[in-house]
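Here is the structure we will look at.
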Number of protein chains: 2
Amino acid sequence: MSLQQSPFARKLGAFVALSGEELSALDRLHSRRKTFPAGRDMVHEGQVNQSAYILASGWVCSYKLLSGGTRQIVDFQIPGDFLGLRSVLFRTADHNIEPVTKVEASEVLVEDLLATFGKTPRLGTAVLWAASRDEAMVVEHLVGIGRRDARERTAHFLLELGARLKLVGLGTALGYACPLSQYMLADALGLSAVHINRVLRELREDGLVTFQHGKVEIHDLDGLVLLADFDRHYLDHDGPLLK
Amino acid sequence: MSLQQSPFARKLGAFVALSGEELSALDRLHSRRKTFPAGRDMVHEGQVNQSAYILASGWVCSYKLLSGGTRQIVDFQIPGDFLGLRSVLFRTADHNIEPVTKVEASEVLVEDLLATFGKTPRLGTAVLWAASRDEAMVVEHLVGIGRRDARERTAHFLLELGARLKLVGLGTALGYACPLSQYMLADALGLSAVHINRVLRELREDGLVTFQHGKVEIHDLDGLVLLADFDRHYLDHDGPLLK
DNA sequence: CGACGGGACTGATCTGCCTCAGTTCACGAT
DNA sequence: ATCGTGAACTGAGGCAGATCAGTCCCGTCG
């Protein structure tokens, strides 16, 4: 275990216990560091031959635009997350990617990735697991939008985000820094910004969570978990699954 | 090209042009044929060490149950689709799978799958593409539930289903057989069955589609595409992408 | 300094969809 | 023939969340 792990290494380490050799193989993937300013799209839907990225710092969101001008945010990515894996496989991006904050990311060439997996197959397993978890999150998101009301949905979202951030060392069970505006929350949760605002006020007045000044503070974890019908296990585990 | 291709071979063939050798490697995956009656779950959420399946005939749906008793159908699978790939990777199923009709499916052991990919890597590519397309469909579904109204959502769903069925030779641009009840449609689209019924009536009265007696008939394809904001390209293509 | 702009926040009104409570019809079992 | 069941279908009434039209606050820029 090194003192200063990258969020990516930290996240994969939660799935598969990593050796020193595997950790340095990961480090080598981080050579082509790039930065992106907040707000200007990194990837547009339809673009071909995009690179994949590993997010080192900052937040981004993946979204789709509809003809009516509305948008749906599919997911947020936080440090340690893989970006645009599907777009690479498919050769053409099927969604837009916008940095929420200033972002640092490592460009990953497919050939480097495959070579790394060839030499250290357990890393391949770990990345596959991480990708499966991301897919599971999209599914959970779908379920939430389809069948949970605004309060439940918001509560679930904040809990899930907290669990993800905790995994990469950017938050605790009690709170975390969150650069999202209420507009972005609305676009992610399929609600209007006006309604998000009221829901956040309700959750605050009920003593469950506050989300103000870029900080989420969880005041009643059990109450929130109950409201959201949140499965603590599906993101949460202590120690790697594969030793 | 064999005369009688399985739906799975037909679908993969749309992504990657397959040689005779590759086709027979596919056939060998179909040895452990099983059948399942309609209505009784094949897989329950939380089950461990499930097999994966390739659907040979019949329809199934993947869904999640919420604490309130409601359910959200995440996706339907039709012949040629892969079943439970994520559950296998993750070792434990994160959703339920219920046959909509009587179903025939080939059980696929992970080791057989990996061995096949080792010998015929282009098949691996094709399966990966198919999996990416499935993931893209879940994303599109999410967008629909989040930001499309009931009419658009229903129209989009019927078009997408048609495109998928056409790919495996079970439908045309004008219509297809569809064993889904309005209740299932409701659970998939995040609506009530009552409302689905009214929406279907409206679409029928507007001369766009009819869905009656297990048959979907598209009467005004352009109108429907326009209403649904349907991207004809993302599922539709003539001839394999990789020669 | 004042102007400007973007985010948080609010009240009033409207509406899409849900819920409840049915009816009708087709079909399989008794 | 009758019963039961499950799917399609309908009307009435209610409500969650959208939309409209703002105000207030704060940070930034000329």
Side-chain angles (χ1 to χ4, degrees), chain A residues 37-40 59 61 66 68-73 98 100-102 144-155 157-158 177-205 209-217 227, chain B residues 37-40 59 61 66 68-73 98 100-102 144-155 157-158 177-205 209-217 227:
Chain A
R40 189 144 78 265
W59 294 35
C61 68
L66 294 242
T70 57
R71 75 167 178 175
Q72 175 66 44
I73 292 178
E98 176 191 317
V100 171
T101 64
K102 187 188 165 206
I145 292 191
R147 290 297 176 202
R148 280 191 256 261
D149 70 22
R151 283 173 59 111
E152 296 167 351
R153 218 182 293 176
T154 307
F157 176 82
L158 294 175
C178 176
L180 305 176
S181 71
Q182 296 186 349
Y183 288 89
M184 291 186 189
L185 238 67
D187 282 343
L189 297 178
L191 298 166
S192 69
V194 172
H195 200 60
I196 278 286
N197 183 281
R198 296 194 232 268
V199 168
L200 287 176
R201 173 156 53 78
E202 281 178 38
L203 294 177
R204 196 187 318 135
E205 286 169 359
V209 239
T210 56
F211 178 11
Q212 283 171 318
H213 319 299
K215 286 217 175 310
V216 173
E217 287 171 37
L227 168 64
Chain B
R40 189 143 79 266
W59 294 35
C61 69
L66 293 243
T70 57
R71 76 167 178 176
Q72 175 67 43
I73 292 178
E98 176 189 319
V100 171
T101 64
K102 185 186 166 209
I145 292 191
R147 290 296 177 204
R148 280 191 256 261
D149 71 21
R151 284 173 57 111
E152 296 166 351
R153 220 183 292 175
T154 307
F157 176 82
L158 294 175
C178 177
L180 305 176
S181 71
Q182 295 187 351
Y183 288 88
M184 290 187 190
L185 237 69
D187 282 344
L189 297 179
L191 298 166
S192 69
V194 172
H195 201 60
I196 277 287
N197 183 282
R198 295 194 230 272
V199 168
L200 287 177
R201 174 158 51 81
E202 281 179 37
L203 294 178
R204 195 188 318 136
E205 287 170 358
V209 239
T210 56
F211 178 10
Q212 282 171 318
H213 319 298
K215 286 218 174 309
V216 173
E217 287 170 37
L227 168 64

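Excluded from the calculations below are hydrogen atoms, water molecules and symmetry mates; all remaining heavy atoms, backbone and side chain alike, are included. A note on names: the letters A, B, ... follow the listed sequences, proteins ahead of strands, and every chain is numbered from 1.
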Between D:dT10, D:dA7, C:dG7, which one does the side chain of A:S181 approach most closely? C:dG7
Interatomic distance, B:H195 NE2 vs D:dA8 P [rounded to whole Å]: 16 Å
Under 4.0 Å between any heavy atoms, over every strand shown, what does A:L191 touch: base, sugar-phosphate, or nothing? Just pick one. sugar-phosphate
Using the rule given for side-chain contact (heavy atoms from CB on, under 4.5 Å), can you reason through A:L66 versus A:R71, listing the C-alpha separation, both sets of side-chain angles and the distance that settles it, and then say yes or no? CA-CA 6 Å; A:L66 294 242; A:R71 75 167 178 175; over 6 Å; no
Does A:T210 reach the side chain of A:K215, with side-chain heavy atoms less than 4.5 Å apart? no
What is the nucleic acid contact for A:S192, judged by heavy atoms within less than 4.0 Å: base, sugar-phosphate only, or nothing? base
Length of the CZ-P vector between A:R148 and C:dC18, whole Å: 17 Å
Of the nucleotides C:dA8, D:dT10, C:dA12, which one has an atom closest to the side chain of A:R198? C:dA12
So, the side chain of B:R204 versus the backbone of B:V199: is there a donor-acceptor pair under 3.5 Å, distance only? no
Phosphate oxygens OP1/OP2 of D:dA7: is one of them under 4.0 Å from a side-chain N or O of B:Q212? no
Rounded interatomic separation in angstrom, taking CG from A:D149 and P from C:dT19: 11 Å
In terms of heavy-atom contacts, A:I145 and A:G190 come closest through CD1-N, 4.4 Å
Has A:E98 got a side-chain atom pairing as donor or acceptor with A:R40's backbone, closer than 3.5 angstrom? no
Examine C:dT10: is either OP1 or OP2 under 4.0 Å from a nitrogen or oxygen in the side chain of A:R201? Give yes or no. yes
Which one, C:dC17, D:dT10, C:dT10, comes nearest to the side chain of A:N197? C:dT10
A:L200 CG - C:dT10 P separation (whole Å): 11 Å
Any A:F211 side-chain heavy atom under 4.5 Å of A:L185 side chain: yes
A:H213 NE2 to D:dG27 P, straight-line distance once rounded to whole Å: 11 Å
Between C:dC9, D:dC9, D:dG17, which one does the side chain of A:A150 approach most closely? D:dG17
A:L200 side chain near A:Q212 side chain, heavy-atom distance below 4.5 Å: no
Mind checking whether A:E217 and A:V209 have side chains closer than 4.5 Å, heavy atoms only? no
Between P on C:dC18 and CG on B:L189, what's the gap in Å once rounded to a whole number? 10 Å
Through what angle, rounded to 10 degrees, does the axis of the helix from C:dC1-D:dG30 to C:dT30-D:dA1 turn between its ends, using five pairs per end? 30°
Check every atom of D:dG17, C:dC17, D:dA21 against the side chain of A:V194 and return the nucleotide holding the closest atom. D:dA21
Answer with base, sugar-phosphate or nothing: what part of the nucleic acid does A:G39 contact at a heavy-atom distance below 4.0 Å? nothing
Please state how far atom NZ in B:K215 lies from atom P in D:dA8, giving the value in whole angstrom units. 15 Å
Interatomic distance where CD belongs to B:E205 and P belongs to D:dT10 [whole Å]: 8 Å
